[in-house]
Amino acid sequence: MSSGLTFETKKIEYSVIYSKRKTLEISIKAPGIITVRAPIYISEEQIEKSVRNKSKWIIEKLAILSKVDITPIKKEYVEGETFMYRGENYLLRVVINEKLKKPEVKLYEDRLMITMPRHDEEAIKDAIESWYKNEAKMTIADRVEHYSRYFNLKPNNIKIKAQKTRWGSCTYKNDLAFNYKLIMMPPHVLDYVVIHEMCHMEHKDHSKNFWSRVSSIMPDYKDKRKWLKEHGMKLCC
């Protein structure tokens, strides 16, 4: 459902998603998409009142996002192109070895080396994506284990996905899901997303208690969150 209101001559348009949740949440994503997630029992009037109360904050966030370049970096998968891994850029190097049955990917100094039986750009893309996903799976599992000492709860399951709009999620059953592109980011940013989703095992919303819990583990989380907002949308493979 789509709705809107005016605040100091500025139009605020938002969509509402009803679900079996206990609290109302307002989120803003580039380039200016406002989403209200609300319990099924809340009326449209109550939702509008909540949005109006947050109008100043919403306008400020929209102004910030309007300055953020969210144009994805289009990859061509050719030699000499750069690929990011754990916050560092690596030059793609393609080596042909006709004896191989399938492509092999590894890091060597400042290069992302891919050895394959024949040159095939689609195969290069698939191999790099598979390598990213495998690296993300191992790294994120390790980081979840590392931060488990801060929690009494444990994740029911951990999945690595190719998500277009989310870096992570936590279900009511404490199933955690993470975007494989997190492996491209600096380690401290990946850690922030891991902590963020693990804190959702205790707090299913973005309440003051939730952010306080995040801060108790990562006091400077706002710096990581800022990096994610400024650079995350451009990551594309």
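In this text the structure is predicted, and so the values were computed from the model without any measurement. Heads up: numbering here begins at 1 and tracks the sequence.
The minimum heavy-atom distance between Tyr180 and Ala136, with the atom names listed, is O-CB, 3.7 Å. Lys159 and Asn157 get closest at one heavy-atom pair: CE-ND2, 3.4 Å. When all heavy atoms of Thr35 and Arg37 are compared, the pair lying nearest together is CG2-NH1, 3.7 Å. Nearest heavy-atom pair across Glu197 and Cys170 is OE1-N, 3.5 Å. Met198 and Leu176 make their closest contact through CG-CD1, 4.0 Å (heavy atoms, listed as atom of the first residue, atom of the second, distance). In plain terms, the two heavy atoms of Trp167 and Leu228 that are nearest each other are CD1-CD2, 3.7 Å.
One finds the NZ atom of Lys54 at 8.5 Å from the CD1 atom of Ile58 (value rounded to the nearest 0.5 Å). Separating the NZ atom in Lys99 from the OG1 atom in Thr115 is a distance of 13.5 Å, to the nearest 0.5 Å. Rounding to the nearest 0.5 Å gives a distance of 10.0 Å between CD1 of Ile28 and CD of Glu60. Note that the OG atom of Ser50 and the CD atom of Glu45 stand 11.5 Å from one another [nearest 0.5 Å]. A distance of 10.0 Å separates OG in Ser43 from NZ in Lys49, rounded to the nearest 0.5 Å. Between the CD1 atom in Ile160 and the CE atom in Met138 there is a gap of 11.0 Å [rounded to 0.5 Å].
Asn179 contributes no side-chain N or O that, together with a main-chain N or O of Gly168, makes up a donor-acceptor pair within less than 3.5 Å. Glu79 contributes a side-chain N or O that, together with a main-chain N or O of Val94, makes up a donor-acceptor pair within less than 3.5 Å.
By the rule that hydrophobic residues join a cluster once side-chain heavy atoms approach within less than 4.5 Å of another member, Ile26 and Ile59 end up as members of one cluster. Val36 and Trp57 fall within the same hydrophobic cluster, defined by Ile, Leu, Val, Met, Phe, Trp and Tyr side-chain heavy atoms under 4.5 Å apart, directly or through other members. Ile158 and Tyr172 fall into different hydrophobic clusters, where Ile, Leu, Val, Met, Phe, Trp and Tyr residues are linked whenever their side-chain heavy atoms come under 4.5 Å apart, directly or through other members. Both Ile34 and Tyr18 belong to a common hydrophobic cluster when Ile, Leu, Val, Met, Phe, Trp and Tyr are linked at side-chain heavy-atom distances under 4.5 angstrom.
In terms of the ring-ring contact (aromatic ring centres under 6.0 Å, His included) criterion, Phe178 has no residue partners (sequence neighbours excluded). Asp142 is linked by a side-chain contact (heavy atoms from CB on, under 4.5 Å) to nothing, counting only residues two or more places apart in sequence or in another chain. The side-chain contact (heavy atoms from CB on, under 4.5 Å) check on Leu107 picks up Tyr85, Tyr90, Leu112, Trp131, with sequence neighbours excluded. For the side-chain contact (heavy atoms from CB on, under 4.5 Å) test, residues two or more places apart in sequence or in another chain that qualify with Ala127 are Pro103, Val105, Ile114.
Looking only at side-chain heavy atoms (C-beta outward), Asp120 and Ile124 stay at 4.5 Å or farther from each other. Here the side chains of Met116 and Ile96 are in contact, with some heavy-atom distance below 4.5 Å. Between Met201 and Pro155, some side-chain heavy-atom pair lies under the 4.5 Å cut-off. Inter-residue side-chain proximity for Arg143 and Leu190 is flagged as met; some heavy-atom pair is nearer than 4.5 Å. Using a 4.5 Å heavy-atom threshold, the side chains of Arg21 and Pro39 count as touching.
Within a 6.0 Å sphere centred on NZ of Lys133, heavy atoms belonging to other residues, nucleotides or ligands number more than 12. Heavy-atom contacts from other residues, nucleotides or ligands closer than 6.0 Å to CG of Asn152 number 12 or fewer. Annotation for Arg118: atom CZ does not count as buried by contact number, only 12 or fewer foreign heavy atoms lying within 6.0 Å. Heavy-atom neighbours of Glu145 CD from other residues, nucleotides or ligands within 6.0 Å: at or below the threshold of 12.
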- Can you check side-chain contact (heavy atoms from CB on, under 4.5 Å) on Phe83 and Tyr132, steps first, answer last? CA-CA 10 Å; Phe83 287 81; Tyr132 270 135; 3.5 Å; yes
- Could you walk me through whether Lys229 and Lys61 pass the side-chain contact (heavy atoms from CB on, under 4.5 Å) test, one step at a time? CA-CA 11 Å; Lys229 288 183 177 180; Lys61 290 293 182 181; 3.8 Å; yes
- Would Glu48 and Arg52 satisfy salt bridge (Lys or Arg N to Asp or Glu O under 4.0 Å), going step by step from the backbone distance to the final call? CA-CA 6 Å; Glu48 181 176 333; Arg52 191 172 294 281; 3.3 Å; yes
- Task: For Ser148 and Val144, run side-chain contact (heavy atoms from CB on, under 4.5 Å): C-alpha distance rounded to whole Å, both residues' side-chain angles, the deciding distance at 0.1 Å, then the answer.
- Result: CA-CA 6 Å; Ser148 290; Val144 170; 4.2 Å; yes
Could you tabulate the donor-acceptor pairs under 3.5 Å formed by side-chain atoms of residues 204-220, not counting sequence neighbours?
from	atom 1	to	atom 2	distance (Å)
Lys204	NZ	Thr171	O	3.1
Lys204	NZ	Asn174	OD1	2.5
Lys204	NZ	His200	O	3.0
Asp205	OD1	Ser207	N	3.3
Asp205	OD1	Ser207	OG	3.0
His206	ND1	Glu25	OE1	3.0
His206	ND1	Glu25	OE2	3.4
His206	NE2	His196	NE2	3.1
His206	NE2	His200	NE2	3.3
Ser207	OG	Phe210	N	3.4
Trp211	NE1	His206	O	3.4
Arg213	NE	Glu202	OE1	2.7
Arg213	NH1	Ser216	OG	3.1
Arg213	NH2	Tyr150	O	2.4
Arg213	NH2	Glu202	OE2	3.4
Ser216	OG	Arg213	O	2.6
Asp220	OD1	Lys224	NZ	3.1
Asp220	OD2	Lys224	NZ	2.4

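Taking Ile, Leu, Val, Met, Phe, Trp and Tyr as hydrophobic and joining them when side-chain heavy atoms fall under 4.5 Å apart, one finds Tyr108 in a cluster with Val95, Met113.
Between Leu24 and the choices Ile42, Val16, Val51, the side chain to side chain contact (heavy atoms under 4.5 Å, CB included) rule is met once, by Ile42.
Side-chain polar atoms of Tyr147 and Asp191 form a donor-acceptor pair below 3.5 angstrom.
With respect to Glu121 and Lys125, no salt bridge is recorded, no charged nitrogen being found less than 4.0 Å from a carboxylate O.
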